[in-house]
Amino acid sequence: MVLLFCAAASMVVANTSFGSSYQHFWHISASSKPIEFWINDGLMAIFFLQVGLEIEREIYVGELKDFKKSLLPVLAAVGGMVVPAGIHFFFNRRMLSQSGYGIPMATDIAFSLGILSLLGNRVPFSLKVFLTALAIIDDLGAILVIALFYSTHFSLLYLGIALLIFAFLILLNRLNILSLWVYVILGCVMWFCMHRSGIHATITGVLLAFAIPFRTGDDKSPSVKILHWLHKPVAFIVLPLFALANTAITIPVTFAHDLSSPNSLGIIFGLLLGKPLGIFLFAAAGVWIGWCSIPKGLKISYLLGIGLLAGIGFTMSIFITLLAFNDGTLIDSSKIAVLAGSLLSGVIGFVCLRLMLGKANN
């Protein structure tokens with residue numbers, strides 16, 4: 001709710017007489033970089049650290065521990081990335097906007113799980129687990145796409161230093177060094193080197209997550225401790241600031257026309273149609289072939305509703321938009337398309353699941 005309020009408030013202010021001053025604020029220089037940079041490249045690294053820690057937990061003790069159990073959300077996530085990317089590419093091949101294919105691939109964990117929770121106790125536990133695993137794997141896929149395809153000005157020297165620091169952190173992990181401050185300080189140095197290497201610095205958050213000791217996964221584990229510490233700062237500071245800084249969009253009078261552009265259509269249809277189709281088809285194929293099975297309480301038809309909720313891209317889609325394009329007009333129109341596609345996916349997904357789960361309980 002906080003995230004939604006910040007996004008809505010930011011768009012409203014950006015389209016008032018204070019709009020230009022408000023947008024200028026995010027570009028004020030702080031330590032030679034604009035405030036927007038410190039949010040998108042600095043604070044979002046903390047968000048990716050949390051995502052990495054959640055992925056690590058799922059691999060060690062969660063749904064990704066068992067190969068057969070993890071294969072269903074893995075296949076669904078792959079389908080939920082490949083099909084939306086293919087739809088965007090279909091609309092934008094050989095155009096300047098072609099590089100935006102990664103935008104509809106992403107799922108916003110906070111919003112998708114938040115809307116699912118609105119359905120209350122009628123939601124089977126297996127459905128919540130499936131969406132959580134799907135969203136986490138989806139984030140991992142988005143991270144790989146960012147690292148491989150949205151990096152510029154490559155410097156082998158700085159990348160080498162960053163990877164040496166990462167290797168040293170892994171060594172500290174193996175030597176049972178549990179002091180979190182050692183990992184945090186070296187993680188900051190690794191962030192600087194990664195930024196200078198040309199690879200997007202937020203990837204540092206994920207690397208640091210896998211270097212922090214997990215051990216048995218109890219409450220004394222450094223990984224679990226920092227994950228607990230991060231929940232509220234990320235939910236109530238990092239993501240709201242990201243929403244405020246990146247939805248300060250002046251809605252142009254041509255916005256209705258812009259929504260019919262190939263790039264906007266690729267984003268909207270990728271989120272609204274590509275996500276549910278990809279998730280359903282790949283998961284159903286895995287079940288049909290016999291690679292995986294449907295968990296108890298989860299019906300194959302529910303995957304379409306979950307796929308629609310996974311079409312809420314918001315945070316990650318806007319983040320990838322900033323990496324995909326340099327043109328301000330294209331960035332703003334892409335953000336509007338992300339908001340439109342996410343809103344439609346969320347509303348339709350909520351209604352579909354409410355009808356499906358209502359029928360199931362009757």
Side-chain angles (χ1 to χ4, degrees), residues 1-7 38-65 73 106-120 123 125 127-140 142-143 169 173 178-185 187-188 191 201-246 309-310 312-319 342 346:
M1 293 301 293
V2 171
L3 192 61
L4 184 60
F5 173 79
C6 288
W38 293 113
I39 292 171
N40 293 341
D41 289 49
L43 290 182
M44 284 300 283
I46 299 174
F47 166 72
F48 277 94
L49 171 60
Q50 180 186 338
V51 171
L53 291 168
E54 288 174 342
I55 293 170
E56 181 186 45
R57 182 183 61 186
E58 291 295 316
I59 289 172
Y60 283 118
V61 297
E63 285 300 303
L64 304 182
K65 182 180 179 181
T107 294
D108 189 294
I109 294 179
F111 269 131
S112 57
L113 287 175
I115 289 181
L116 186 65
S117 70
L118 294 177
L119 292 165
V123 180
F125 178 71
L127 196 60
K128 295 177 183 177
V129 171
F130 177 79
L131 179 58
T132 303
L134 167 67
I136 288 172
I137 298 163
D138 194 290
D139 271 356
L140 179 59
I143 289 163
L169 287 170
N173 183 322
L178 304 181
S179 174
L180 276 172
W181 287 111
V182 174
Y183 293 92
V184 170
I185 291 168
C188 290
W191 177 91
T202 49
I203 302 302
T204 307
V206 179
L207 295 177
L208 180 59
F210 281 93
I212 294 173
F214 185 81
R215 296 299 176 260
T216 59
D218 58 19
D219 290 339
K220 294 181 181 179
S221 162
S223 178
V224 173
K225 279 183 182 178
I226 196 168
L227 182 57
H228 287 322
W229 291 344
L230 286 176
H231 275 308
K232 287 184 180 177
V234 167
F236 296 109
I237 298 174
V238 175
L239 291 180
L241 279 173
F242 178 84
L244 288 170
N246 292 287
L309 291 191
I312 304 172
F314 196 70
T315 306
M316 289 296 290
S317 291
I318 290 176
F319 187 78
S342 297

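Just so it is clear, the model here is predicted, and its values are computed rather than measured.
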Checklist line | Full working for side chain to side chain contact (heavy atoms under 4.5 Å, CB included) between Thr315 and Phe242 | finding: CA-CA 8 Å; Thr315 306; Phe242 178 84; 3.8 Å; yes
Next item on the list: Among Asn173, Leu180, Leu178, Leu169, find the one that has a side-chain contact (heavy atoms from CB on, under 4.5 Å) with Ile212.
Entry: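 That would be Leu180; it is the only one of Asn173, Leu180, Leu178, Leu169 passing the side-chain contact (heavy atoms from CB on, under 4.5 Å) with Ile212.
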Write down the atom of [X], the atom of [Y], and the distance for their closest heavy-atom approach.
{"X": "Ala106", "Y": "Met316", "value": "CB-CB, 3.3 Å"}
{"X": "Leu3", "Y": "Pro240", "value": "CD1-N, 4.0 Å"}
{"X": "Ser112", "Y": "Thr107", "value": "OG-CG2, 3.9 Å"}
{"X": "Ala7", "Y": "Ala243", "value": "N-CB, 4.1 Å"}
{"X": "Ser317", "Y": "Gly313", "value": "OG-CA, 3.2 Å"}
{"X": "Tyr183", "Y": "Leu208", "value": "O-CD1, 3.4 Å"}

[atom2] on [Y] to [atom1] on [X], rounded to 0.5 Å:
{"X": "Phe111", "Y": "Leu239", "atom1": "CZ", "atom2": "CG", "answer": "9.0 Å"}
{"X": "Ile237", "Y": "Leu43", "atom1": "CD1", "atom2": "CG", "answer": "8.5 Å"}
{"X": "Leu49", "Y": "Leu207", "atom1": "CG", "atom2": "CG", "answer": "10.5 Å"}
{"X": "Ser117", "Y": "Leu131", "atom1": "OG", "atom2": "CG", "answer": "10.5 Å"}
{"X": "Ile109", "Y": "Phe314", "atom1": "CD1", "atom2": "CZ", "answer": "14.5 Å"}
{"X": "Glu58", "Y": "Thr132", "atom1": "CD", "atom2": "OG1", "answer": "7.5 Å"}

Note to self: Within a 6.0 Å radius of atom CG on Asp218, are there more than 12 heavy atoms belonging to other residues, nucleotides or ligands?
What the structure shows: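 More than 12 within 6.0 Å, yes.
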Check: More than 12 non-hydrogen atoms from neighbouring residues, nucleotides or ligands closer than 6.0 Å to CZ on Phe210, yes or no?
Finding: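 Yes, because the 6.0 Å sphere around CZ of Phe210 holds more than 12 heavy atoms from other groups.
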Item checked: Validation row, ring centre Phe47 to ring centre Phe319 under 6.0 Å ->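 That pair fails the under 6.0 Å test.
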Show me, pair by pair, the donor-acceptor contacts under 3.5 angstrom made by side chains of residues 220-230, not counting sequence neighbours?
from   : atom 1 : to     : atom 2 : distance (Å)
Ser221 : OG     : Phe214 : O      : 2.6
Ser221 : OG     : Ser223 : N      : 3.4
Ser223 : OG     : Glu56  : OE1    : 2.8

Under 3.5 Å donor-acceptor, [X] side chain and [Y] backbone:
{"X": "Trp191", "Y": "Gly205", "result": "no"}
{"X": "Asp138", "Y": "Leu134", "result": "no"}
{"X": "Thr202", "Y": "Met44", "result": "no"}

